[in-house]
Student: 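First, the structure itself, so that you have it in front of you.
Note that these values count all heavy atoms, side chains included, but never hydrogens, waters or copies made by symmetry.
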Amino acid sequence: MRTLRTTLRGAAVAAVAASLAAGAAVTALPASAAPTAMNEGRTMAKAATTQADQDTASKTDKPKTKKPKVKKSKKAAADPDFGANVTFIDQTWSTDQINALLDSVNDEEEMSQDRHQVFFEPGTYGSAAGQDDPATATGIVNQTVGYYESISGLGAQPGDVQINGALHVEPIVGCPERPWECAAPGSLNNFWRSMSNMAINPIQRPVGDDAALPFPAGVTDPHQMRWAVSQAAPMRRMDIQGSLTVFGRYGEFASGGYLANSRVAGTIATGSQQQWFTRNSQVGTWDGGVWNMVFSGVQGAPATDFGQDLGNGAKGVKTTVDNTPLSREAPFLYRSDNGELAVFVPNAKTGSSGTDWSTSAGSGTSIGMSDFYVAREDVDDAASINAALADGKNLILTPGVYELDAALRVDRADTVVLGLGYASLTPTAGNGVLEIGDVAGVKIAGITADANVPESATLIQVGPEGASVSDPANPTTLTDVFVRVGGPWEGKAVTSIEVNSNNTLLDHIWAWRADHGHGVSWDGNTGAHGVIVNGDDVTATGLFVEHYQEQQTIWNGERGRTVFYQSEIPYDPPSQAAFMDGDRLGYASYRVADHVTSHEATGLGVYSFFNQGQDIRVESGIQAPRTAGVTFRSMTSVFLNGSGGINHVINDTGAPAVGSFASPQVIAYP
């Protein structure tokens, strides 16, 4: 049975946009947009909330303010119907009108089932007059970016959409009177939001309730914008014409971000940001680092200092790879010269560095809307979407939660599947949600998979078992693909992502067995493995895998490569006996199979926080065969909190991180 919540909320936001377009004032969203109680699974998520949910609610449950009037221009006649959860903003909108719309979509709760995509048409938005003194700035585009919100420009180049102002993310303020005393939760749960394909001249001011606090979180230095996020919050194809801070104003915790194909002219200040991956970008100055900061193909990146003595007991945490071994930028929707929408699909590259914003024929392929099936969660199901795929169409998944009684089947080479606004897929019959056939060159981008009940064996499968078709020059690519097992509702899946095809690229993956939310317990949201790689010549750039109950990542294929890995082992094993790999203490997070003869990985962090009061040990965070062809560089284990910990960083090498805070490092192995 389809849950009514998403459709009603989507209709409510659409009503805001429609009222703005008609020039009418808008007050609160209708009562029908309020959350509904559910039980187990997608249609039965538990109504009870965890403390984390309550913390989030305290931030987002705010009264709606009155929205100003706006006159919105008509979309091109050729544009398809993207449904109620996609909004197009153009230059007929005033800054007040833009900020009002953004404020109507930025307050979803952490486990909401609502999704939003906002597009800016090419043009300039906001005034630059206050750039030197943000406290006096007026007429700027200035709003926070919330859960399940993607904001993207529709230009062929990032500079085709110029924003004077800030689209920013702030930490949760735990102690309004003394924010410097409350580092948690900060930005630790600032997941599932994104920004892409725009130029921003940073002029930031605090907004909403934050502006009324005695110490607002949203204050920054002139020419600086804040993007204080953790996982699943990518920034791509951005031109930040100033500086960027990726942690809270008062040092609140943040835990893992991703920046790609972007230019930051000024300083990137990382402060309390625990780990960060930057790929194929250009930066002015990099400042800071906590445990694991990795740069791949980044012009202006700092020199590698991982493991080096910096004085006063500090050790370096930065690792730079001069050129990214294999990369492909994300497909994106843009407005072509003829005024029609198209999707540009960049080519894959080897040994690359710096930004590449070209949309020339030599840089990729532009695909018109006539070659896409535009799916909507309120009208489509697995049968209708699979029929379109079987008919040779590419696929756009508009924002929403798609309940699927069968996996989406991609059996045509070079098919593009593009999700907008965190489009989410959930199984209803113990099935997977996406299966790619034995074909090459498939591109999957911008989707979230949510496990459900009954249990699925595998949620996303790249190639069937024994797959043999691949193309090194045109790898099947998964970009910004996120998986959750539990959280929105109870879910179970043995394996989240299984890669059987050779020459596959995984670019920014977060596979997460939920540690908070609905249906979360050791026996509730069960999941053994986040990512299993069986194919050869598979590359991962930005791999986040967390809290699974056995090995988080298993690598069986030859010649695998990983650049940046972040993982927390599960919080909740009830006993050591429940967390044993045969006679080995615990399960390694990153496991390279004993038969593998060639593998390389750079920049790995594995963290522990056993919170059941038991002395639970993991023999090593990384386990791999000791052979010349299997090499690791820049590894750390971290004891975050709780009890027990990790005895070694890799195999029998590295100091323990047990019993109290520690972050031992291993520079290279073997």
Student: Hey, does Val433 have a side-chain heavy atom less than 4.5 Å from the side chain of Leu408?
Tutor: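 No, side chains not in contact.
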
Student: Tell me whether the rings of Phe295 and Trp286 are parallel (<30°), tilted (30 to 60°) or perpendicular (>60°).
Tutor: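 It falls in the perpendicular class, over 60°.
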
Student: Using 0.5 Å steps for rounding, measure from the CG atom of Asn452 to the OG1 atom of Thr426.
Tutor: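 Going from CG on Asn452 over to OG1 on Thr426, the span is 4.0 Å.
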
Student: Examine distances only and state if a side-chain atom of Gln461 and a backbone atom of Val499 form a donor-acceptor pair shorter than 3.5 Å.
Tutor: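 Such a contact is absent between Gln461 side chain and Val499 backbone.
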
Student: Return yes if a side-chain donor-acceptor contact under 3.5 Å exists between Tyr258 and Asp480, otherwise no.
Tutor: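 No, no side-chain donor-acceptor pair sits under 3.5 Å.
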
Student: Does a side-chain heavy-atom distance below 4.5 Å link Asn280 with Arg236?
Tutor: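 No, too far: nothing below the 4.5 Å cut-off.
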
Student: Would a 4.5 Å heavy-atom cut-off, applied to side chains only, mark Tyr565 and Val545 as touching?
Tutor: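 Yes - at least one pair of side-chain heavy atoms lies under 4.5 Å apart.
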
Student: Any donor and acceptor pair, going by atom type alone, linking the side chain of Ser104 with main-chain N or O of Leu101 inside 3.5 Å?
Tutor: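 Yes; at least one donor-acceptor contact below 3.5 Å.
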
Student: Does the side chain of Asn394 come within less than 4.5 Å of Ile367's, by heavy atoms?
Tutor: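 Side chain of Ile367 against side chain of Asn394, heavy atoms only: contact under 4.5 Å found.
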
Student: Working note: Thr398 + Arg376, criterion side-chain hydrogen bond (donor to acceptor under 3.5 Å, both in side chains); need CA distance, chi angles, decisive distance, verdict.
Tutor: CA-CA 6 Å; Thr398 60; Arg376 289 170 40 188; 5.5 Å; no

Student: Could you report the tightest heavy-atom contact between Arg263 and Thr355, atom names first, then the distance?
Tutor: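 Smallest interatomic distance, heavy atoms only, reads N-CG2, 4.2 Å.
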
Student: Determine whether the side chains of Ser336 and Asn338 contain a donor N or O and an acceptor N or O closer than 3.5 Å.
Tutor: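 Yes, a side-chain donor-acceptor pair sits under 3.5 Å.
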
Student: Between Asn534 and Asn500, does any side-chain donor sit less than 3.5 Å from a side-chain acceptor?
Tutor: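 Judged by distance alone, the side chains do pair up.
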
Student: Looking at CG of Asn261 and CD of Gln282, how far apart are the two atoms once the value is rounded to the nearest 0.5 Å?
Tutor: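 Interatomic distance, Asn261 CG to Gln282 CD, rounded to 0.5 Å: 11.0 Å.
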
Student: Donor-acceptor pair, distance only, cut-off 3.5 Å: does the side chain of Asn386 make one with the backbone of Ala407?
Tutor: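 Checking the backbone N and O of Ala407 against the side chain of Asn386, a donor-acceptor pair under 3.5 Å is found.
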
Student: Around atom CG of Asp337, are there more than 12 heavy atoms of other residues, nucleotides or ligands at under 6.0 Å?
Tutor: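 Counting other residues, nucleotides and ligands, CG of Asp337 stays at 12 neighbours or fewer.
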
Student: When you check the side-chain N and O atoms of Glu498 and Thr495, is any donor under 3.5 Å from an acceptor?
Tutor: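 There is no such pair (donor and acceptor under 3.5 Å, judged by atom type) between the side chains of Glu498 and Thr495.
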
Student: Treating Ser281 as the side-chain partner and Ser262 as the backbone partner, does any N or O pair qualify as donor plus acceptor under 3.5 Å?
Tutor: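 Pair found, side chain donor or acceptor close to backbone of Ser262.
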
Student: Calculate, to the nearest 0.5 Å, the distance between atoms CG and CG belonging to Asn99 and Asn142 respectively.
Tutor: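 That separation rounds to 6.5 Å.
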
Student: Between Asp414 and Asn474, do the side chains contain an N or O donor and an N or O acceptor separated by less than 3.5 Å?
Tutor: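 Note: Asp414 and Asn474 side chains meet the donor-acceptor criterion.
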
Student: Less than 3.5 Å apart, any donor N or O on the side chain of Gln241 or His223 sitting next to an acceptor on the other?
Tutor: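 No pair is found: no donor N or O on one side chain lies under 3.5 Å from an acceptor on the other.
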
Student: Measure across Tyr148 and Glu109 and return the closest heavy-atom pair with its distance rounded to 0.1 Å.
Tutor: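 Heavy atoms only, the tightest pair is CE1-O, 3.6 Å.
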
Student: Under a 3.5 Å cutoff, is there a donor and acceptor pairing between the side chains of Gln117 and Thr87?
Tutor: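 No, Thr87 and Gln117 have no side-chain donor paired with an acceptor closer than 3.5 Å.
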
Student: For the side chain to side chain contact (heavy atoms under 4.5 Å, CB included) test, which of Ile151, Asp239, Ile240 pairs with Met198?
Tutor: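 With Met198 as partner, side chain to side chain contact (heavy atoms under 4.5 Å, CB included) holds for just one option, Ile151.
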
Student: Between Ser296 and Thr324, do the side chains contain a donor N or O and an acceptor N or O under 3.5 Å apart?
Tutor: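 Short answer, yes.
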
Student: Are any of the side-chain nitrogens in Asp160 or Arg335 under 4.0 Å away from the carboxylate oxygens of its partner?
Tutor: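 Arg335 and Asp160: not salt-bridged.
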
Student: Would Phe88 and Phe82 count as a close aromatic pair, with their ring centres under 6.0 Å?
Tutor: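 Centroid distance Phe88-Phe82: below 6.0 Å, so yes.
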
Student: Are Asp391 and Arg412 within salt-bridge range, i.e. N to O under 4.0 Å?
Tutor: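 Answer for the salt bridge query: no.
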
Student: If the test is side chain to side chain donor-acceptor pair (under 3.5 Å), which one of Arg279, Arg237, Lys349 qualifies with Glu329?
Tutor: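 Exactly one pass, corresponding to Arg279.
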
Student: State, with a plain yes or no, whether a side-chain heavy atom of Leu397 is found less than 4.5 Å away from one of Ile385.
Tutor: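 Yes, their side chains come closer than 4.5 Å.
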
Student: Decide whether Asn164 and Asn201 meet the rule of one side-chain donor and one side-chain acceptor closer than 3.5 Å.
Tutor: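 On atom types as modelled, these side chains qualify, holding a pair under 3.5 Å.
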
Student: In Å, rounded to the nearest 0.5 Å, how long is the span from CG of Leu341 to CG of Asp79?
Tutor: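 Taking CG in Leu341 and CG in Asp79, the distance rounds to 4.0 Å.
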
Student: Establish, yes or no, whether the cationic atom of Arg193 lies under 6.0 Å from the six-membered ring centre of Tyr147 and within 45° of the ring axis.
Tutor: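 Verdict for Tyr147: a cation-pi partner in Arg193.
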
Student: What residue among Asn503, Asp536, Thr504, Thr476 forms side chain to side chain contact (heavy atoms under 4.5 Å, CB included) with Ser470?
Tutor: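 Exactly one candidate clears the test, Asn503.
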
Student: Identify which one of Pro399, Ser194, Pro234, Ser196 satisfies the side chain to side chain contact (heavy atoms under 4.5 Å, CB included) criterion when paired with Ser150.
Tutor: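 Of the listed residues Pro399, Ser194, Pro234, Ser196, the side chain to side chain contact (heavy atoms under 4.5 Å, CB included) partner of Ser150 is Ser194.
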
Student: Counting distance only, does the side-chain N/O of Asp381 pair as donor-acceptor with the main-chain N or O of Ser384 below 3.5 Å?
Tutor: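 Checking the backbone N and O of Ser384 against the side chain of Asp381, a donor-acceptor pair under 3.5 Å is found.
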
Student: Spell out, as yes or no, whether a donor-acceptor pair under 3.5 Å connects the side chain of Ser127 to the backbone of Ile140.
Tutor: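 Not at all, since once roles are kept as given, no pair shorter than 3.5 Å links the two residues.
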
Student: Compare every heavy atom of Val538 with every heavy atom of Gly535, then report the nearest pair and how far apart it is.
Tutor: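 Smallest heavy-atom distance, with atoms named: O-CG2, 3.6 Å.
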
Student: Do you know the tightest heavy-atom contact between Asn190 and Ala233?
Tutor: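 The pair with the smallest heavy-atom distance is O-CB, 4.2 Å.
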
Student: Looking at Tyr422, I'd like to know if the NZ or CZ of Arg115 sits under 6.0 Å from its six-membered ring centre while staying within 45 degrees of the ring's axis.
Tutor: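 No.
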
Student: Are Trp510 and Phe482 close enough, and set up right, to give a ring pair (Phe, Tyr, Trp, His ring centres under 6.0 Å), and what steps lead you there?
Tutor: CA-CA 5 Å; Trp510 185 33; Phe482 311 128; 7.2 Å; no

Student: Under the side-chain hydrogen bond (donor to acceptor under 3.5 Å, both in side chains) rule, what do Thr144 and Asn106 come out as? Steps first, then yes or no, please.
Tutor: CA-CA 7 Å; Thr144 56; Asn106 68 358; 3.0 Å; yes

Student: Taking C-beta and beyond as the side chain, do Val531 and Leu543 meet within less than 4.5 Å on heavy atoms?
Tutor: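 Counting from C-beta outward, Val531 and Leu543 do come under 4.5 Å.
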
Student: With distance as the sole criterion, is a donor-acceptor pair present between the side chains of Glu149 and Gln143 under 3.5 Å?
Tutor: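 No donor-acceptor contact under 3.5 Å links the two side chains.
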
Student: So does Glu110 get a backbone contact from the side chain of Ser112, meaning a donor-acceptor N/O pair under 3.5 Å?
Tutor: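 Between the backbone of Glu110 and the side chain of Ser112 there is no qualifying donor-acceptor contact (under 3.5 Å).
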
Student: To the nearest 0.5 Å, tell me how far Trp512 CH2 sits from Thr448 OG1.
Tutor: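 Here the rounded value is 11.5 Å.
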
Student: Verify whether the ring centers belonging to Phe564 and Phe544 lie closer than 6.0 Å.
Tutor: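 Judged by ring-centre distance (under 6.0 Å), Phe564 and Phe544 do meet the cut-off.
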
Student: Report yes or no: do Thr479 and Asp507 form a side-chain donor-acceptor pair below 3.5 Å?
Tutor: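 There is no such pair (donor and acceptor under 3.5 Å, judged by atom type) between the side chains of Thr479 and Asp507.
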
Student: Checking the side chain of Asn197 only, and the main-chain atoms of Gly155 only, is there a donor and an acceptor separated by less than 3.5 Å?
Tutor: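 At least one qualifying donor-acceptor pair exists.
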
Student: Mark yes or no for whether Ser230, through its side chain, and Phe191, through its backbone, hold a donor-acceptor pair below 3.5 Å.
Tutor: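 Not a single qualifying donor-acceptor pair exists.
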
Student: Which atom pair, heavy atoms only, marks the closest approach of Phe372 to Leu395?
Tutor: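 Shortest heavy-atom contact: CD2-N, 3.6 Å.
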
Student: So, Ser327 and Ser352: side-chain donor and acceptor under 3.5 Å apart, yes or no?
Tutor: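 Indeed, the side chains of Ser327 and Ser352 share at least one donor-acceptor pair under 3.5 Å.
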
Student: Within the distance-only criterion (no hydrogens, no angle test), does the side chain of Thr477 pair as donor or acceptor with the backbone N or O of Leu505 below 3.5 angstrom?
Tutor: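 Here the side-chain-to-backbone pair does not exist.
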
Student: Could you state the interatomic distance from CG (Leu259) to NE2 (His508), rounded to the nearest 0.5 Å?
Tutor: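 Leu259 CG to His508 NE2: 10.5 Å, rounded to 0.5 Å.
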
Student: Do we see a donor-acceptor contact under 3.5 Å between the side chains of Ser363 and Ser360?
Tutor: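 Side chains of Ser363 and Ser360: pair found under 3.5 Å.
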
Student: Which of parallel (below 30°), tilted (30 to 60°) and perpendicular (above 60°) describes Phe344 and Tyr334?
Tutor: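 Geometry flag for Tyr334 against Phe344: perpendicular rings.
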
Student: Answer yes or no: is there an ion pair linking Asp537 with Arg561, defined by an N-O contact shorter than 4.0 Å?
Tutor: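 So Asp537 does not pair with Arg561 through a salt bridge.
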
Student: Might you point out which heavy atoms bring Leu326 and Thr541 nearest each other, and give the distance in Å?
Tutor: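 In this case the closest contact between Leu326 and Thr541 is O-CG2, 4.0 Å.
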
